[in-house]
Student: 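Here's a structure for you.
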Amino acid sequence: MDAWVKAKLIENITKNHDIKNINLYITNIDQHIAKIKNEGGSIIDEVFLAFNGSISHISLYAYLYDHNVNVDLNCLNFINEHSYIEEEKLIQEQEKGGGGDKVVDITKFDSDLIFYIVKEYKENFEENYNLTIEDLENIILKYKEQEYQESIKLYKEKYKDGVKVYNTFLDISHFYYDEKKMKLIKKQKNESVENYNEYINSKVDVEFYDLKYNVQCKKTKGHPSVLFWSDAINEIQIKDKTIITSVDAIKLTNTGHQHVIGILGLNRDGDLVIQGIRNEIILFIYENCVINYGIYCIGHVILVQGRMKLANKTFYASEIMHPPRSYEDEKNEDDVFYEFENDKEKKEISEYEIIVKNNDKNQIWIMMHDIYLDNSYTFEILDKMFSVYVNTYPDNDLPIGFVFMGDFISLKFDYNKNFNNLYIKGFEKLSYLLISKFKLILQNCYLIFIPGKNDPCACKNSIPKMPILPYYIKKFQQNIESFFSCKNEKIIFATNPCRIRHFSKKMIFFRHDILNDLIWSSSINANSGGAYENSDKQNLQNILTSTIIGQSHIYPIPHDNRILKRYSSFLFLYPLPNFICICDNTCSSFISYASDNTNDAIISNSDISFTKKKTFTVYNVLKHEAKRYVVSM
């Protein structure tokens with residue numbers, strides 16, 4: 001290799017210590033090969049023949065041979081496959097009269113990996129030992145893990161696992177819709193509300209419906225096939241668009257077909273009406289009116305197609321649907337629920353996520369519901385499930401976290417002593433199981449507990465639901481803290497619903513029988529395709545998902561005593577989180593996307609008790625996949 005090529009290669013090499021840098025070593029490869037051939041006892045000629053004179057294989061073998069690492073042809077090729085970076089082409093200018101420029105090939109390797117193999121060989125193997133493929137696999141895996149840990153060290157110190165669990169009451173701010181900016185803006189956090197009436201007063205109702213109407217209008221405007229009449233500039237813009245008019249802007253004299261958006265309500269006479277911010281019109285539903293999939297309750301924002309009759313100022317509906325949405329538009333929307341502290345945090349979390357993803361790390365969450373801790377069989381299932389993950393570690397990554405959703409007892413809630421004792425003992429027994437057999441889970445995984453209908457918590461019959469009362473989990477926490485000698489920040493007793501952000505992925509978990517409450521609260525039922533006449537599983541799934549997505553709300557029922565009204569806006573799903581996990585026993589199990597786009601939100605429902613059916617759901621954050629499994633007993 002001539003002096004020019006050597007100089008050019010050395011110029012691009014930052015690590016200039018010979019043994020650590022194979023790329024510097026091969027700048028003198030001709031001399032090294034000649035030296036090895038003169039010594040004899042090598043297989044360098046076999047390497048030349050086996051790989052058709054490949055300079056990368058010959059250079060690699062020469063380096064390993066010179067550093068007393070014994071490999072056969074298969075191992076040499078294996079190392080080459082894992083360490084070879086590129087064959088860089090350099091153009092060497094010829095002297096005058098020497099003809100055209102000359103292209104020179106220079107092989108480059110991952111010098112750190114090669115040096116690590118040499119180092120491991122000298123430290124852990126006897127002299128003259130011939131490395132095997134299995135040896136090399138283990139060495140390379142160990143090297144990659146060390147490199148990975150080093151690359152995420154600073155991010156991990158600052159952001160730990162890249163996970164944030166939100167308390168609905170403490171970590172989410174109230175917000176309003178700015179009509180000029182056309183976006184949701186966070187309000188400044190106020191002092192805690194001491195008067196319960198502040199949670200339920202009429203002003204909160206008005207603010208909520210005003211906010212809901214604006215959010216739904218904004219969401220609808222993002223759909224590529226629609227255009228609000230107030231936004232139309234000219235006839236060309238209107239072409240091939242569905243024109244939508246708000247109730248406040250409707251023309252009573254227009255008797256042609258119109259699409260009107262507004263809030264479904266009742267007037268003082270008990271008639272159905274469509275309401276806007278300042279106006280309302282009576283709604284009459286034809287017998288043959290097409291009602292798209294979903295349930296429609298008082299307070300829902302709906303899109304209605306029909307005609308206006310001036311004589312009685314009534315809108316005659318021929319079709320009713322939930323407002324449409326566009327994933328492409330919604331994915332770029334600012335999210336007030338999962339906000340980062342600042343742009344720097346958002347950027348660094350994104351970098352952290354890319355590193356983890358590029359290293360093929362599994363970042364999975366496991367979720368289940370109705371885990372009856374008063375039933376001994378539950379602990380057998382938990383033991384089996386935990387064992388699968390613990391026994392395959394470190395070959396397989398542990399889950400990032402387990403989300404346990406109530407109920408945590410098979411009995412209905414009661415204030416009697418028997419209920420209290422059973423509930424406390426159930427969690428106490430769980431702490432013993434974790435400490436005695438699954439310390440690895442305790443030390444590395446998040447354990448999130450979300451209350452269900454029969455779990456003891458303040459305002460237990462309202463949504464959002466507060467965490468399980470400390471009295472019932474005191475012994476559990478004391479046992480865990482005695483093991484850690486401090487509080488374990490990865491064990492969280494959360495609100496219901498509970499929002500979690502992991503890297504850039506946004507998740508929400510809700511344990512409630514939503515479909516049952518929607519059906520009881522419905523004012524208009526979907527009859528398109530006989531949804532209620534033929535109540536098969538697919539129809540029920542479509543009805544539930546269409547209503548939740550259509551209303552951009554995790555619990556879209558009318559405002560009554562089931563909802564803490566001051567926090568109802570905290571239940572909005574706009575934009576849709578990446579993963580929506582609902583555990584609704586009144587709807588069949590399913591896992592589906594919110595649209596035809598597989599990058600869109602995944603919605604998962606399980607109607608099966610973990611204790612009874614041993615089923616759990618797994619969501620892979622980085623691959624954006626959800627699957628359901630059964631614990632094999």
Side-chain angles (χ1 to χ4, degrees), residues 164-175 189-201 204 208 337-338 367 369-371 373 401-409 411-415 419-420 422-424 426-427 430 446-478 480 487-501 507-514 517 553-557 559-573 577 580-584:
K164 182 170 182 179
V165 181
Y166 295 82
N167 181 301
T168 301
F169 298 95
L170 302 178
D171 298 325
I172 299 177
S173 298
H174 289 275
F175 51 90
K189 283 192 175 182
N190 297 322
E191 296 295 322
S192 60
V193 179
E194 296 179 2
N195 187 347
Y196 181 74
N197 291 326
E198 288 297 314
Y199 289 96
I200 58 174
N201 67 32
V204 172
F208 171 75
F337 300 106
Y338 301 88
M367 57 228 66
H369 79 286
D370 286 353
I371 306 131
L373 299 179
F402 295 84
V403 180
F404 303 103
M405 289 180 272
D407 298 335
F408 294 105
I409 190 167
L411 304 176
K412 285 190 176 182
F413 177 79
D414 200 334
Y415 286 103
F419 177 92
N420 292 347
L422 283 173
Y423 201 93
I424 292 168
F427 270 98
L430 178 60
Y446 284 86
L447 302 179
I448 315 291
F449 296 91
I450 299 173
K453 184 178 180 180
N454 288 309
D455 293 306
C457 49
C459 304
K460 69 175 296 295
N461 294 320
S462 297
I463 300 294
K465 196 182 293 290
M466 295 184 182
I468 297 170
L469 289 168
Y471 168 78
Y472 291 89
I473 53 174
K474 186 177 180 181
K475 286 190 176 179
F476 171 87
Q477 291 177 317
Q478 286 175 343
I480 299 297
K487 184 178 180 181
N488 185 350
E489 294 182 355
K490 288 191 174 184
I491 297 179
I492 299 170
F493 286 87
T495 55
N496 184 22
C498 170
R499 294 180 189 263
I500 300 175
R501 189 190 73 225
M507 302 175 279
I508 187 168
F509 302 88
F510 188 38
R511 171 64 184 101
H512 199 78
D513 293 340
I514 310 169
D517 288 355
H553 200 278
I554 194 71
Y555 190 45
I557 66 164
H559 262 198
D560 57 24
N561 58 6
R562 292 171 290 183
I563 289 185
L564 291 175
K565 297 179 184 180
R566 180 175 171 79
Y567 295 100
S568 183
S569 58
F570 290 8
L571 308 180
F572 275 134
L573 300 177
I580 302 169
C581 179
I582 51 179
C583 293
D584 184 339

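Hydrogens, waters and symmetry mates are skipped; everything else that's a heavy atom, side chains included, is used.
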Student: Should the heavy atoms of other residues, nucleotides or ligands under 6.0 Å from NZ of K460 be counted, would the total exceed 12?
Tutor: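 Result for NZ/K460: enclosed.
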Student: Identify each donor-acceptor pair in which a side-chain atom of residues 449-458 lies under 3.5 Å from a protein atom, sequence neighbours left out, and give them as a table.
Tutor:
unit_1, atom_1, unit_2, atom_2, d
N454, OD1, F413, N, 3.2
N454, ND2, D407, OD2, 3.0
D455, OD1, F408, N, 3.0
D455, OD1, Y423, OH, 2.7
D455, OD2, G452, N, 2.6

Student: Mind checking what makes ring-ring contact (aromatic ring centres under 6.0 Å, His included) contact with Y338, not counting sequence neighbours?
Tutor: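 Per chain and number, Y338 pairs via ring-ring contact (aromatic ring centres under 6.0 Å, His included) with Y166.
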Student: Stepwise, does the side-chain contact (heavy atoms from CB on, under 4.5 Å) test hold for V403 with C581?
Tutor: CA-CA 10 Å; V403 180; C581 179; over 6 Å; no
Student: List in chain and number order the residues that pass side chain to side chain donor-acceptor pair (under 3.5 Å) with T168, two or more places apart in sequence or in another chain; answer none if no residue qualifies.
Tutor: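 Scan of T168 (side chain to side chain donor-acceptor pair (under 3.5 Å), adjacent residues dropped) gives T495.
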Student: Can you tell me how far CZ of R501 sits from CD1 of I508, rounded to the nearest 0.5 angstrom?
Tutor: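 Here the rounded value is 15.0 Å.
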Student: Mind checking whether Y446 and I500 have side chains closer than 4.5 Å, heavy atoms only?
Tutor: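 Side chain of Y446 against side chain of I500, heavy atoms only: no contact under 4.5 Å found.
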Student: Nearest 0.5 Å, what's the CZ-CE distance between F509 and M405?
Tutor: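 Atom-to-atom, F509:CZ and M405:CE are 6.5 Å apart.
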Student: Taking salt bridge (charged side-chain N to carboxylate O under 4.0 Å, His left out) as the definition, give me every residue that meets it alongside D414, ordered by chain and number, with sequence neighbours left out.
Tutor: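 Not a single residue meets the salt bridge (charged side-chain N to carboxylate O under 4.0 Å, His left out) criterion with D414.
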Student: Atom CD1 in I480, atom CD1 in I491: separation rounded to 0.5 Å?
Tutor: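 Atom-to-atom, I480:CD1 and I491:CD1 are 4.5 Å apart.
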Student: Show, in sequence, the C-alpha distance, side-chain angles and deciding distance for Y472 and F427, and conclude whether the ring pair (Phe, Tyr, Trp, His ring centres under 6.0 Å) test is met.
Tutor: CA-CA 8 Å; Y472 291 89; F427 270 98; 9.4 Å; no
Student: For a 4.5 angstrom cut-off between non-hydrogen side-chain atoms, does D370 reach R511?
Tutor: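 Yes. Closest side-chain heavy atoms under 4.5 Å.
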Student: At what distance, to the nearest 0.5 angstrom, does CD1 of I582 lie from CD1 of I514?
Tutor: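 CD1 of I514 is found 4.5 Å from CD1 of I582.
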Student: List the residues meeting side chain to side chain donor-acceptor pair (under 3.5 Å) with D560, not counting sequence neighbours, and say none if there are none.
Tutor: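 Only R562 meet the side chain to side chain donor-acceptor pair (under 3.5 Å) criterion with D560.
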Student: When the ring planes of F208 and H553 are compared, do they come out parallel, tilted or perpendicular, using 30° and 60° as the limits?
Tutor: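 It falls in the perpendicular class, over 60°.
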Student: Could you label the plane-to-plane angle of the F175 and F337 rings as parallel, tilted or perpendicular, counting under 30° as parallel and over 60° as perpendicular?
Tutor: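 Perpendicular, since the angle between the ring planes exceeds 60°.
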Student: Please identify each residue that fulfils ring-ring contact (aromatic ring centres under 6.0 Å, His included) with F510, with sequence neighbours left out.
Tutor: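 Counting only residues at least two positions away or on another chain, F510 forms a ring-ring contact (aromatic ring centres under 6.0 Å, His included) with H512, Y555.
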Student: Nearest 0.5 Å please: distance from the CE atom of M466 over to the CG atom of N167.
Tutor: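 Reported value, rounded in 0.5 Å steps: 9.0 Å.
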Student: For residues F404 and H369, determine if any side-chain heavy atom of one lies less than 4.5 Å from a side-chain heavy atom of the other.
Tutor: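 With C-beta onward as the side chain, the pair stays apart.
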Student: CZ/F476 to CG/L447 distance, rounded to the nearest 0.5 angstrom?
Tutor: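 Rounded to the nearest 0.5 Å, the CZ-CG separation comes to 6.5 Å.
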